[in-house]
Number of protein chains: 2
Amino acid sequence: MSTRVERTHTAVMEAATALLLEGGPTAITIDGVVARSGVAKSTVYRHWTTRDELVVDVFDHIAPKLEAPDPTLGFEDALRRLVHSMLAMMTAPGWLRVLPAMLLLKLHQHDIAEVEQRMHDAQLKVFQDVLQRGVSEGRIGADDDPELLLTLFVGPILMAGLTGSTELNGALADRSVSQFLGALDAVAPTAP
Amino acid sequence: MSTRVERTHTAVMEAATALLLEGGPTAITIDGVVARSGVAKSTVYRHWTTRDELVVDVFDHIAPKLEAPDPTLGFEDALRRLVHSMLAMMTAPGWLRVLPAMLLLKLHQHDIAEVEQRMHDAQLKVFQDVLQRGVSEGRIGADDDPELLLTLFVGPILMAGLTGSTELNGALADRSVSQFLGALDAVAPTAP
DNA sequence: CAGAAACGATACCGTCTCGTATCGTTACAG
DNA sequence: CTGTAACGATACGAGACGGTATCGTTTCTG
């Protein structure tokens with residue numbers, strides 16, 4: 001079983017998360033959380049000193065982690081695994097409703113910007129690990145900017161998720177990979 | 001000169017837009033607009049029946065249009081022009097602060113979703129016009145989904161603008177084009 | 001099992017916000 | 001030049017919201 005402190009904590013977090021998904025970040029209101037969770041307002045303020053603190057906590061808690069591909073895989077295989085992890089991440093429950101909120105709030109709220117920063121760093125690290133294999137295999141120049149490559153690689157998937165311009169499915173994922181690889185070969189062919 | 005109705009209208013719009021840029025969509029408040037524009041509240045409600053109506057109007061007014069490339073240009077040249085127009089659009093004053101707001105609000109507000117839809121349609125139309133040249137030149141299969149191609153093409157630039165993962169400059173634009181073209185050639189070479 | 005920590009219920013305050021109403025004043029069009 | 005439409009100023013009501021305070025009750029912990 002869990003202790004009472006844990007129970008009330010998660011009850012509030014779940015309520016706040018639900019409100020965020022249903023009505024956006026402004027829908028996370030103390031009274032709303034109280035009504036939805038059944039937890040008393042005084043108790044909420046015992047766990048979080050302010051509303052903003054709770055909001056940040058919700059974002060920090062719901063932010064999905066990008067799964068790292070098997071280290072034994074080669075460059076291309078790892079890249080294919082990665083894009084599917086990326087897809088899984090984007091289609092994680094509710095994430096498509098949270099991500100826009102995060103991208104907006106980070107502009108005006110430092111705490112949220114930090115959460116997004118940490119998430120981005122973690123993703124970049126995973127990506128760089130895959131890139132390194134590409135360098136080893138002579139597919140990628142070691143001087144290429146990883147951030148730029150990440151943007152080129154993941155941009156389409158992010159756009160699809162945010163704008164709904166295209167369905168987030170395997171077809172898009174495959175095209176993303178082949179486009180990324182195709183561009184590499186067009187610039188620096190596989191065999192010298 | 002301009003009529004008085006026009007003057008008050010634009011005064012309110014400018015104030016509301018400034019508030020949007022500075023504090024996000026929730027910062028657009030009637031009292032705030034009144035204070036900032038110097039226009040009386042009663043006058044504001046003479047032009048817009050509700051706050052949401054004003055907000056939608058602001059978004060609709062600030063949404064930039066994607067410039068269409070010269071019709072005489074060939075596929076590749078048109079594509080290069082297009083990506084630079086796209087870049088110009090993203091770096092338009094304040095747009096990087098408005099776009100996230102739009103992507104969030106469209107999830108919960110139909111009016112905003114319609115504004116975004118119209119903008120997307122206009123962009124797609126411009127892009128399809130360029131695509132057509134690619135089809136004529138045998139670079140692109142006529143059965144390829146334009147929406148998917150647009151996503152693959154513009155995704156990186158959108159991501160760079162939204163997340164700040166990479167600077168929005170000519171380097172990114174050029175890489176976007178070469179990646180897009182490189183992928184085409186890898187699948188369907190230029191000369192049969 | 002006893003003391004302490006956490007909790008629930010409730011009331012309350014100050015502020016913000018939307019929207020309405022009133023009325024004297026100003027600009028504009030015919 | 002005159003009537004009318006638009007405007008400014010202001011007050012007001014009602015509700016939402018953040019945050020504080022109080023006090024009796026429950027649950028954990030040692």
Side-chain angles (χ1 to χ4, degrees), chain A residues 1-61 101 104-105 108-112 115, chain B residues 1-61 101 104-105 107-112:
Chain A
M1 202 51 192
S2 58
T3 167
R4 186 167 61 159
V5 181
E6 293 171 346
R7 283 200 304 274
T8 57
H9 184 96
T10 66
V12 169
M13 285 291 287
E14 285 174 5
T17 303
L19 289 172
L20 169 62
L21 296 184
E22 291 171 11
T26 61
I28 303 182
T29 182
I30 297 293
D31 289 322
V33 166
V34 166
R36 183 150 191 155
S37 65
V39 173
K41 186 185 279 195
S42 44
T43 305
V44 174
Y45 278 103
R46 203 178 301 267
H47 286 261
W48 296 270
T49 67
T50 185
R51 188 201 89 111
D52 284 359
E53 201 173 294
L54 170 61
V55 172
V56 171
D57 211 358
V58 168
F59 275 92
D60 197 52
H61 186 259
L104 173 62
L105 293 190
H108 309 287
Q109 212 167 332
H110 320 91
D111 312 328
I112 302 288
V115 173
Chain B
M1 200 56 190
S2 58
T3 168
R4 187 166 61 159
V5 181
E6 294 170 345
R7 283 201 302 273
T8 57
H9 185 95
T10 65
V12 169
M13 285 290 286
E14 286 174 4
T17 304
L19 289 173
L20 170 62
L21 295 184
E22 292 171 10
T26 61
I28 303 181
T29 182
I30 298 294
D31 291 320
V33 166
V34 166
R36 183 151 191 153
S37 66
V39 173
K41 185 184 281 192
S42 44
T43 306
V44 174
Y45 277 104
R46 204 178 300 268
H47 287 262
W48 296 272
T49 68
T50 184
R51 188 202 87 112
D52 283 359
E53 201 174 295
L54 170 60
V55 172
V56 170
D57 211 358
V58 168
F59 275 92
D60 197 51
H61 185 260
L104 173 63
L105 293 189
L107 297 177
H108 308 288
Q109 212 167 331
H110 320 90
D111 312 327
I112 302 289

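In what follows, chains are A, B, ... by sequence order, proteins preceding strands, each numbered from 1. Given the structure is predicted, the values throughout are model-derived calculations rather than measurements.
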Rounded to whole Å, how long is the line connecting atom CD1 of Ile30(A) with atom P of dG18(D)? 5 Å
If you fit an axis to the five pairs at each end of the helix from dC1(C)-dG30(D) to dG30(C)-dC1(D), how big is the angle between those two axes, to 10 degrees? 30°
Around atom NE2 of His110(B), are there more than 12 heavy atoms of other residues, nucleotides or ligands at under 6.0 Å? no
Can you figure out which of dC17(D), dC28(D), dG19(C) approaches the side chain of Asp31(A) most closely? dC17(D)
Which atom pairs, one a donor and one an acceptor, fall under 3.5 Å between side chains of residues 23-34 of chain A and the rest of the protein, sequence neighbours left out?
{"residue": "Asp31(A)", "atom": "OD1", "partner": "Lys41(A)", "partner atom": "NZ", "Å": "3.1"}

Hey, which of these two, Val5(B) or Gly32(B), hits DNA chain C nearer its 5' end, going by closest nucleotide? Gly32(B)
Could you tell me the separation between the NE2 atom of His61(A) and the CD atom of Glu14(A), rounded to the nearest 0.5 Å? 8.5 Å
Of all heavy-atom pairs linking Arg7(B) and Ser2(B), the shortest is NH1-O, 2.8 Å
So, is Thr43(B) near the phosphate of dA6(D), with a side-chain N or O under 4.0 Å from OP1 or OP2? no
To the nearest angstrom, how far is Asp52(A) atom CG from dG19(D) atom C1'? 13 Å
Minimum heavy-atom distance Arg36(B)-Glu22(B), with the two atoms named: NH2-OE2, 2.8 Å
Return the minimal non-hydrogen interatomic distance between His9(B) and Trp48(B), and the atom names on each side. CE1-CZ2, 3.3 Å
Which part of the nucleic acid, if any, lies within contact of His47(A), taking any heavy atom under 4.0 Å across all strands shown: a base, the sugar-phosphate backbone alone, or nothing? sugar-phosphate
Which whole-number value in Å describes the distance from Leu54(B) CG to dG19(C) C1'? 14 Å
Whether Ser42(B) contacts dA6(D) is assessed here as follows: a side-chain N or O lying under 4.0 Å from the phosphate OP1 or OP2. Is that the case? no
Nearest whole Å is fine: how far is dA6(D) P from Arg4(B) CZ? 9 Å
Using a heavy-atom cut-off of under 4.0 Å over every strand shown, decide if Arg51(A) touches base, sugar-phosphate, or nothing. sugar-phosphate
Nearest whole Å is fine: how far is dC17(D) P from Arg36(A) CZ? 14 Å
Would you say Arg7(B) places a side-chain N or O within less than 4.0 Å of OP1 or OP2 belonging to dC28(C)? yes
Answer yes or no: side-chain N or O of Lys41(A) and base N or O of dG19(D) forming a donor-acceptor pair under 3.5 Å. yes
Do His47(B) and Thr8(B) pass the side chain to side chain contact (heavy atoms under 4.5 Å, CB included) test, and can you show the C-alpha distance, the side-chain angles, and the key distance before you say yes or no? CA-CA 9 Å; His47(B) 287 262; Thr8(B) 57; 3.3 Å; yes
May I have the distance from Glu6(A) (atom CD) to dC28(D) (atom P), rounded to whole angstrom? 10 Å
In numerical order, the residues of residues 10-29 of chain B whose heavy atoms come under 4.0 Å of DNA chain C are Ile28(B), Thr29(B)
Counting only distance, no hydrogens or angles, is the base of dA6(D) paired donor-acceptor with the side chain of Arg46(B) under 3.5 Å? no
Is the closest side-chain heavy-atom distance between Leu20(A) and Phe59(A) below 4.5 Å? yes
Which pair of heavy atoms, one from His108(B) and one from Leu21(A), lies closest together, and at what distance? CE1-O, 3.7 Å
Trp48(B) CH2 - dA6(D) P separation (whole Å): 14 Å
For Thr17(A) against Met13(A), the heavy-atom pair lying closest together: OG1-O, 2.7 Å
